[in-house]
2 protein chains.
Amino acid sequence: MYICPMHSKELLKGSLKTIILKMLKEHGRMYGYEITQKVRTLTGDELVITEGALYPALHKLEADKLVQTEQEFIGKRVRRYYSLTPSGELAVEEKVSEFESFVQMMQLIIQPKTSFNG
Amino acid sequence: MYICPMHSKELLKGSLKTIILKMLKEHGRMYGYEITQKVRTLTGDELVITEGALYPALHKLEADKLVQTEQEFIGKRVRRYYSLTPSGELAVEEKVSEFESFVQMMQLIIQPKTSFNG
DNA sequence: TTATAATACATAAGAATATTATGTATATTT
DNA sequence: AAATATACATAATATTCTTATGTATTATAA
């Protein structure tokens, strides 16, 4: 299985943790694979988070105590659930508003106001 | 002179070339330092492009033939003007619409539609 | 007039974060 | 039985920033 994701993956850089935290905020506890699938369906298969990006990001968030984990066994298969810590709850809001600020700044550059269509 | 830029510089990653190309598109030919200053004033000192990011990005764009340069001397000081090549003209549109697609995808994640406020 | 700040370029070391590839193993579908 | 999907993980590599440093000219303020 290999699906070509969005054209510019570069833009994902710096937004992945925001995405993960927001998904956990919205859906409560989730496991890694579940996050990638939810993001895919949410974005109509446009945004595909690779495992090589996802798991290191989750581990980093855990090391930073923004998420906490609990293991479960589904049959013999291990599943690692992630959920927000109190710090994580705060971090989501920060990250999301940072992103929104950034988009607003980008709009200033991308959609410059002229005397005609300003 | 050292001004603290936006909180999350991570987000810049992947957008810098888009910014540069769009600035050249809007303002015609520009030199590096001019780009940083224009971006700063445009964004109310929020987005500060550092030299260590700017010049390598410009050199990369030149190597990729998206921009072309001409040197000028202002007194004894060299100034290197950049402008879009035909490929660069195409690339701006691509990059900008990629960015806009990305933002739309992020909105799907960040502002999920509920049955109440959807 | 002289020190400081602004202008204007450049590059190197290091950090962060992604891609791509690989590995392991279980469960489900064809 | 084979292929695909589920579910984790990590290593090598690439990209792209930050931070720091370097050089040099011009303008401004003390």
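Note on naming: letters A, B, ... go to the chains in the order of the sequence lines (proteins, then strands), and numbering restarts at 1 for each one.
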Integer-rounded Å distance: [N] [atom2] and [X] [atom1]:
| X | N | atom1 | atom2 | value |
| --- | --- | --- | --- | --- |
| Tyr81(B) | dT7(C) | OH | P | 14 Å |
| Glu51(B) | dT7(C) | CD | C1' | 10 Å |
| Lys76(B) | dC9(C) | NZ | P | 19 Å |
| Glu34(B) | dC9(C) | CD | C1' | 14 Å |
| Arg77(B) | dA24(D) | CZ | P | 14 Å |
| Met30(A) | dT6(D) | CE | C1' | 15 Å |
| Tyr31(B) | dA10(C) | OH | C1' | 17 Å |
| Tyr33(A) | dT6(D) | OH | C1' | 5 Å |

- prompt: Any idea which of dA18(C), dC9(C), dT6(D) is nearest the Val78(B) side chain?
  reply: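 Between dA18(C), dC9(C), dT6(D), the one nearest the side chain of Val78(B) would be dC9(C).
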query: Taking Glu89(A) as the fixed residue, which of Lys25(A), Lys22(A), Lys95(A) is the one that meets the salt bridge (Lys or Arg N to Asp or Glu O under 4.0 Å) rule?
result: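 One option only clears the test, and that one is Lys25(A).
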message: Which residues end up grouped with Ile74(A) if you chain together Ile, Leu, Val, Met, Phe, Trp and Tyr wherever their side-chain heavy atoms are less than 4.5 Å apart?
response: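 Hydrophobic cluster check, Ile74(A): no partners found.
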task: With DNA chain C as reference, determine whether Gly52(A) or Pro56(B) sits nearer its 5' end, using the nearest nucleotide of each.
output: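 Of the two residues, Pro56(B) wins.
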Side-chain N,O ([X]) to OP1/OP2 ([N]) below 4.0 Å:
| X | N | value |
| --- | --- | --- |
| Lys17(A) | dT17(C) | yes |
| Arg79(B) | dT25(D) | no |
| Tyr55(B) | dC9(C) | yes |

query: Backbone N or O of Tyr31(B) within a donor-acceptor pair of the Glu34(B) side chain at under 3.5 Å?
result: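 It does hold such a pair.
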task: Verify, without hydrogens or angle tests, whether Thr85(A) (side chain) and Gly88(A) (backbone) share a donor-acceptor contact under 3.5 angstrom.
output: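 Here the side-chain-to-backbone pair exists.
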- request: First locate atom CG of Leu47(A), then atom CD1 of Ile19(A), and finally report the distance between them rounded to the nearest 0.5 Å.
  value: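 The CD1 atom of Ile19(A) is 5.0 Å from CG of Leu47(A), to the nearest 0.5 Å.
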- request: Would you jot down, in residue-number order, the residues of residues 57-75 of chain A having a non-hydrogen atom under 4.0 Å from DNA chain D?
  value: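 Contacts with DNA chain D under 4.0 Å: His59(A).
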query: Does the pair Glu70(B)/Arg80(B) count as a salt bridge with the N-to-O cut at 4.0 Å?
result: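 Salt bridge: no.
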query: Quick one: does NZ or CZ of Arg29(A) land under 6.0 Å from the six-membered ring centre of Tyr81(A), within 45 degrees of the ring axis?
result: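 Flagged: Arg29(A) positioned over aromatic ring of Tyr81(A).
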